[in-house]
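All remarks here apply to the structure that follows.
In what follows, chains are A, B, ... by sequence order, proteins preceding strands, each numbered from 1.
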Amino acid sequence: MNLYLFNTMSGKKELFEPINANDIKLYVCGPTTYQIPHIGNFRTFIVFDTLVRLLQSIYSKVTYVRNVTNIDDKIIIEAQKHEISIENLTHNVYVKFRDECNQLNLLTPDHEPHATDYISQMIEHIEEMIKNKYAYVSDEEVLFDTSKCSKYLALAPHERLDFGNRVEINKNKKNFADFVLWKKTTKPNWQSPWGHGRPGWHIECTTMSKNLLSFPFDIHGGGQDLIFPHHTNERAQCYALHNIECAKYWMHNHFITIDKSKMSKSIGNVMYLSNLTKKYSAMSIKLAILMTHYRHPLNWKNEKIQEAQNIYDKWIRIKSKYHSNALKIDIENEKSKFEVISSVYEALLDDLNTSLAVQCLHRAIQNCKNEYQWQKIENSLSLLGIKLEAPSHKIDEKAVKKLIEKRDEARKIKDFATADSIRKQLKLMNIEIDDTKDGTKWKVKC
RNA sequence: GGCCGAAUGGCAGAGUGGUUAUGCAGAGGACUGCAAAUCCUUGUAUGUCGGUUCGAUUCCGGUUUCGGCCUCCA
């Protein structure tokens, strides 16, 4: 069983060979909790959720870390805007974020470190970098000296470091690409050897990954836009501390676009899960995202979610067939609980080809003959983190049954006008009915 | 400007040097009082110009268009 992953570092699909097969270590850059993440942000978390599930199916232990950046300029601005404390803002956003993760059936990471819990370790690391001559202190900040890192642009070889005309030049910097490790500020502030201030963005991830996973770890993931400068700088910082690569494999997902423009808060073309779930189920939104390969752009359209919703609804209907005993067979042992559709698995092992995996699922579902095979299909779906569950609504069952009885009576005396009007009434209650040989069945519309 | 990526049927989207996936939508049929669902049948595609090849959607080169990164970013 070989897992191939596209490594940004080499620009190629590579055979995944773990550093230690007894404990696979994965770090994914998580949300900055100034605003609830939009669906584009969630693409990353959905993609790496699938990766973690796949890794868990192969290896006995997977340590998954996804951080929470809870200190950042944007957070400070947002808190001021709403006249609330930074702690309140970041906590509120984090709670909502976790709720949306649950709706999307995302695994809870083994560690979800909050940046503010690691300030003292960040300070230690910055001190060490200064000692190793990779960092220097200016009037305003502590800066990282990128010229000391010979392979600084290894992850992003196409970047150029001579575009000074595009950005305001910071006179304190020795090199244009140098970045901030510690910024001297009064609000919010932590004490440090360089005075009051707060850490730079890049050191946060380095410190958290070092503390929870140690270097080097297996996989570092995130959105494509983090390649430069964030991940480039994380690499550089690890070199400054240990003179090694921090991660063996770097994985980056492409963006969600709307009208071909990247979905981003700065453009303002964002979609939020809470809006989408008013019309579509969270699972079908997840399915819609997994129907495109993670390294390809995903242009968001309502038609696309509707398609996923149609597919998901159909799967729910098919599932109910296998729970009706009609096709039940004896399952010999517990084995089928762990078996998956091999074509689905192979697709996932090939650089997480979730799109192909869904297509293989269509075929498997089409050919499914018995409950044993259905179990394999559900196992395969769970590799994608997709649960087949009809949404639960508060329904007055008695009222529904009464209406259906009334309709059946009308049908018996061929009063179809009354029968149809009752059906309309039920439809308004979000109830779908189905006239079968065994009588009228009803269910809540997905 | 530098670099990178993409281009496939109505839509979405994989794979593949030769038999042209798959899904959604559409059309026709079966079933049904009518629906819904289900089943059967069905059409349409590889941006453009060259090259390599017996054969290219696939490999190579040019070109066009779109998008991304270039210290806000998933």
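Nearest nucleotide to the side chain of A:Thr44, out of B:A74, B:A36, B:G33: B:A74. Closest to the side chain of A:Lys314, from the set B:U38, B:A35, B:G13, is B:U38. Set against B:U22, B:A74, B:C72, the side chain of A:Lys262 has B:A74 as its closest nucleotide. Side-chain atoms of A:Arg411 lie closest to B:G33 of the nucleotides B:A12, B:G33, B:G68. In the set B:C72, B:U71, B:A36, the nucleotide with an atom closest to the side chain of A:Ser266 is B:C72. Counting only heavy atoms from C-beta on, A:Lys74 has its side chain closest to B:C72 among B:C72, B:C24, B:C34. Residue A:Ala419 places its side chain closer to B:G33 than to any other of B:G33, B:U71, B:G68. Looking at the side chain of A:Pro229, the nearest of the listed nucleotides B:U71, B:G68, B:G13 is B:U71.
Rounding to whole angstrom units, CH2 of residue A:Trp300 and P of B:G13 are separated by 11 Å. Distance A:Asn310 CG to B:C24 P: 8 Å, rounded to the nearest Å. Distance A:Phe6 CZ to B:C4 P: 13 Å, rounded to the nearest Å. Distance A:Leu226 CG to B:G68 C1': 14 Å, rounded to the nearest Å. In this structure, A:Ile227 places its CD1 atom 16 Å from P of B:C72, rounding to the nearest Å. One interatomic measurement links the two molecules: CH2 of A:Trp315 to C1' of B:U22, which rounds to 11 Å at whole-angstrom precision. Distance, A:Phe228 CZ to B:C70 P: 8 Å, rounded to whole Å. For the pair A:Leu348 CG and B:G15 P, the computed distance is 13 Å after rounding to whole Å.
As judged by a 4.0 angstrom heavy-atom cut-off over every strand, A:Asn353 is placed among residues touching the sugar-phosphate backbone only. A:His293 comes within 4.0 angstrom of the backbone, heavy atoms only, and of no base. Counting any heavy atom pair closer than 4.0 Å across all strands shown, A:His296 reaches sugar-phosphate atoms only and no base atom. Counting non-hydrogen atoms under 4.0 angstrom, A:Phe45 reaches nothing in the nucleic acid. Contact annotation for A:Lys265: no contact, since no heavy-atom pair falls under 4.0 Å across all strands. Within the 4.0 angstrom heavy-atom criterion, no nucleotide atom of any strand lies near A:Lys414. Nucleic acid contact for A:Ser355: sugar-phosphate only, since backbone atoms but no base atoms lie under 4.0 Å from a heavy atom of the residue. Residue A:Asp420 is classed as a base contact, given a heavy-atom separation below 4.0 Å to a base. Among the heavy atoms of the strands lying under 4.0 Å from A:Gly222 are primed sugar atoms or P, OP1, OP2 only; no base atom is included.
For a distance-only test at 3.5 Å, the side chain of A:Glu307 qualifies as a donor-acceptor partner of the base of B:G23. Not a single donor-acceptor pair, N or O on each side, falls under 3.5 Å between the base of B:C72 and the side chain of A:Asp73. Interface remark: the A:Arg407 side chain does form a donor-acceptor pair with the B:G33 base, using a distance-only criterion of under 3.5 Å.
Each of A:Arg317 and A:Asp72 has a nearest nucleotide on RNA chain B; the 5'-most of these lies closest to A:Arg317. Each of A:Asn175 and A:Asn253 was assigned the nucleotide of RNA chain B with the nearest heavy atom; the assignment lying further toward the 5' end belongs to A:Asn175.
A cation-pi arrangement is found for A:Lys265 relative to A:Tyr34, the charged atom lying closer than 6.0 Å to the ring centre and inside a 45° cone about the ring normal. A cation-pi arrangement, defined by a distance under 6.0 Å to the six-membered ring centre and an angle within 45 degrees of its axis, is absent between A:Lys12 and A:Phe6.
Comparing the P positions of B:C11 and B:A45 gives a spacing of 13 Å, expressed to the nearest Å. Remark: the separation of the P atoms in B:U48 and B:U38 is 37 Å, to the nearest Å. Taking atom C1' on both B:U58 and B:C24, the two are 26 Å apart, rounded to the nearest angstrom. Comparing B:U65 with B:C59, their P atoms are spaced 23 Å from each other, to the whole Å. When the C1' atom is compared between B:U8 and B:G13, the two are found 9 Å apart, to the nearest whole Å. Comparing the same atom, C1', in B:U63 and in B:G43 gives a spacing of 33 Å after rounding to whole Å. Look at the P atom in both B:U16 and B:U53: the space between them is 24 Å, to the nearest Å. Between the P atoms of B:G67 and B:G61, the separation comes to 24 Å (whole Å).
Side-chain N/O atoms of A:Arg423 include none lying less than 4.0 angstrom from OP1 or OP2 on B:C34. For the pair A:Lys301 and B:A12, the criterion of a side-chain N or O lying under 4.0 Å from OP1 or OP2 is met.
Stem regions annotated for RNA chain B: B:1-7 with B:64-70, B:10-12 with B:22-24, B:26-30 with B:38-42, B:47-51 with B:59-63, counting only runs of 3 or more consecutive pairs of Watson-Crick or G-U type with both contacts under 3.5 Å.
Aromatic ring centres of A:Phe16 and A:Tyr4: separated by at least 6.0 Å. Taking the six-membered ring for Trp and the full ring otherwise, the centers of A:His254 and A:His296 sit at least 6.0 Å from each other. Ring centers of A:His38 and A:Trp300: at least 6.0 Å apart, outside the cut-off. Ring centers of A:Phe144 and A:Tyr152: at least 6.0 Å apart, outside the cut-off. Ring pair A:His220/A:Phe217: centre-to-centre distance below 6.0 Å. Residues A:Phe45 and A:Phe97 place their aromatic rings such that the two centres sit under 6.0 Å apart.
Side chains of A:Asp145 and A:Ser147: a donor on one and an acceptor on the other come within 3.5 Å. Side-chain contact of A:Glu234 with A:His230: a donor-acceptor pair under 3.5 Å is present, judged by distance alone.
Ionic pairing of A:Lys151 and A:Glu245 is not present here: no N-O contact between side-chain nitrogen and carboxylate oxygen is shorter than 4.0 angstrom.
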